[in-house]
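Notes for the one structure printed next.
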Amino acid sequence: MCDRLYETIDIDTIPNNPYLLLTPGPLSTTKAVRAAMLKDWCTWDNEYNEMIQAVRAEVVALGSRSDAYTAVLMQGSGTFSVEAALGTLMPRNEGTLLVLANGAYGERMASIAQYAGISCVTQRALETQTFDGEALETRLKTDASITAVAVVHCETTTGILNPIEEIGKIVKKYNKLFLVDAMSSFGGIPIDLDALEIDVLISSANKCIQGVPGFGFMLFKKDVLARCKGNARSLSLDVYDQWDVMEKGHGKWRFTSPTHVVHAFSEALVELRLEGGVEKRNARYRANQLLLVEGMEALGFTCVVEKSLQSPIITSFYSPESQSYDFAEFYKRLKCAGFVIYPGKVSNIDSFRIGTIGDVFPEDIVCLLHAIDEAKFW
Ligand SMILES: *Cc1c(COP(=O)(O)O)cnc(C)c1O
């Protein structure tokens, strides 16, 4: 092949970011990831399709050592993939979905079910607490109509980490399908799909794998997806058909694929491997988060979620009680200093959030803490 195709881009020519994103995604990516987006690539030739196949195999390998799973990529933000997965998993006129909800993303799954006309019940917990296992077990024992259970792993609303190991055990004891929204945790927290017997796991390009936004992906148990033909309520969001075309076409997408984003994602996967894989990335995120909490507590802030339930992904802090505090002003000052934080999302608690994922390192957290100390105006 002609060398022209492989002309490399000088990373030093890639501009710096204006600030560090301390958000749950889109998040700060590396220059190499951004550089991967500087060329326009063909979508239908072998080279691109091989890249898709490699990406699919690699995301499966991040969570499973068996060959029980397949990865299906789907255009759109993460919610599109959640909607695609639910709408394809649940048969049209049978079965009930139980959604465990302790935050906005759990509620969103219930809302998706409602739009799609999927029979759905919810078990709720307070946003700062996780689910009562006994209540779940009683529900599954007594309500035979339930065929599937869906839960969010890291509920990004608060940063709480739901115990999918314990929940999965109960779900599987009653032989229900188990769907996990691991959008903000997959790639940053080890998840063993084989051990947890997860039927569908959903994540996206722009969270812990550290790519840019534009598509999501689903890890489906192959034998489960094989039974889902004809279930989908939407043509574009038909995961079975998307899978069928990707399999038969060896990496072909049904409709226009986000080529630049896929190239960036492929580079992000290389970087995840170079970092040492999910365990190593998890160690970095944990180090970021521990340093953040230690520093914030020293500055007088308090965490919303108790430490035993807190994820290393994103942390909610109570807003200062002072009358002169105002999030918009705090945000503006930190942005000028080079850090973008996130508004709070917990109902009934005035809070803000700081993410610790992305191309972010403990030394960045040290600088952030210094900037927060300087920004204090209340
Ligand atoms: C980010 C996220 C989603 C998807 O959100 P989009 O805005 O559609 O990308 C879904 N669930 C969780 C838990 C998330 O953190």
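Counting starts at 1 for both ligands and their atoms, following the listed order. It should be emphasised that the depicted structure is a prediction, and the values quoted were computed from it without experimental measurement.
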For atom 11 (N) of ligand 1, which candidate among Asp181, Thr23, Thr79 holds the nearest heavy atom?
->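 Ranked by closest heavy atom to atom 11 (N) of ligand 1, first place is Asp181.
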
Have a look at Gly78, Gly76, Ala205 and point out the one with the heavy atom closest to atom 9 (O) of ligand 1.
->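 Ranked by closest heavy atom to atom 9 (O) of ligand 1, first place is Gly78.
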
Under a heavy-atom criterion of less than 4.0 Å, does [X] contact ligand 1?
X      : value
Lys207 : yes
Arg108 : yes
Gly103 : no

Just jot down the ligand 1 atoms closer than 4.0 angstrom to any heavy atom of [X], in number order.
X      : value
Val152 : 13 (C)
Ser184 : 15 (O)
Thr156 : 12 (C), 13 (C), 14 (C), 15 (O)

Just wondering, more than 12 heavy atoms not from Asp45 lying within 6.0 Å of its CG?
->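 For Asp45, atom CG is crowded (more than 12 foreign heavy atoms under 6.0 Å).
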
Hey, are [X] and [Y] close enough for a salt bridge, meaning a charged N less than 4.0 Å from a carboxylate O?
X      : Y      : result
Glu247 : Arg56  : yes
Arg34  : Glu267 : no
Glu107 : Arg124 : yes
Lys280 : Glu275 : no
Lys332 : Glu329 : yes

Consider every N or O of Asn206 and every N or O of ligand 1, then say whether any pair is closer than 3.5 Å.
->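 No; every N/O pair is 3.5 Å or more apart.
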
With a 4.0 Å heavy-atom cut-off (strictly under), which part of Glu155 contacts ligand 1: side chain, backbone, both or neither?
->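 For Glu155, there is no contact with ligand 1 at all, from either part.
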
Between Cys154 and ligand 1, find which residue part has any heavy-atom pair under 4.0 Å and reply side chain, backbone, both or neither.
->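 Answer for Cys154: backbone.
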
Hey, would you say the Phe352 and Tyr318 ring centroids sit under 6.0 Å apart?
->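 No, ring centres 6.0 Å or more apart.
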
Of all the non-hydrogen atoms in the protein, which one sits nearest to atom 3 (C) of ligand 1, and at what distance?
->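 Of every protein heavy atom, Met183 CG, 3.3 Å lies nearest to atom 3 (C) of ligand 1.
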
Is the NZ or CZ atom of Arg284 both under 6.0 Å from the centre of the six-membered ring of Phe361 and within 45° of that ring's axis?
->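 Positive - Arg284 is close enough to the ring of Phe361 and near enough to its axis.
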
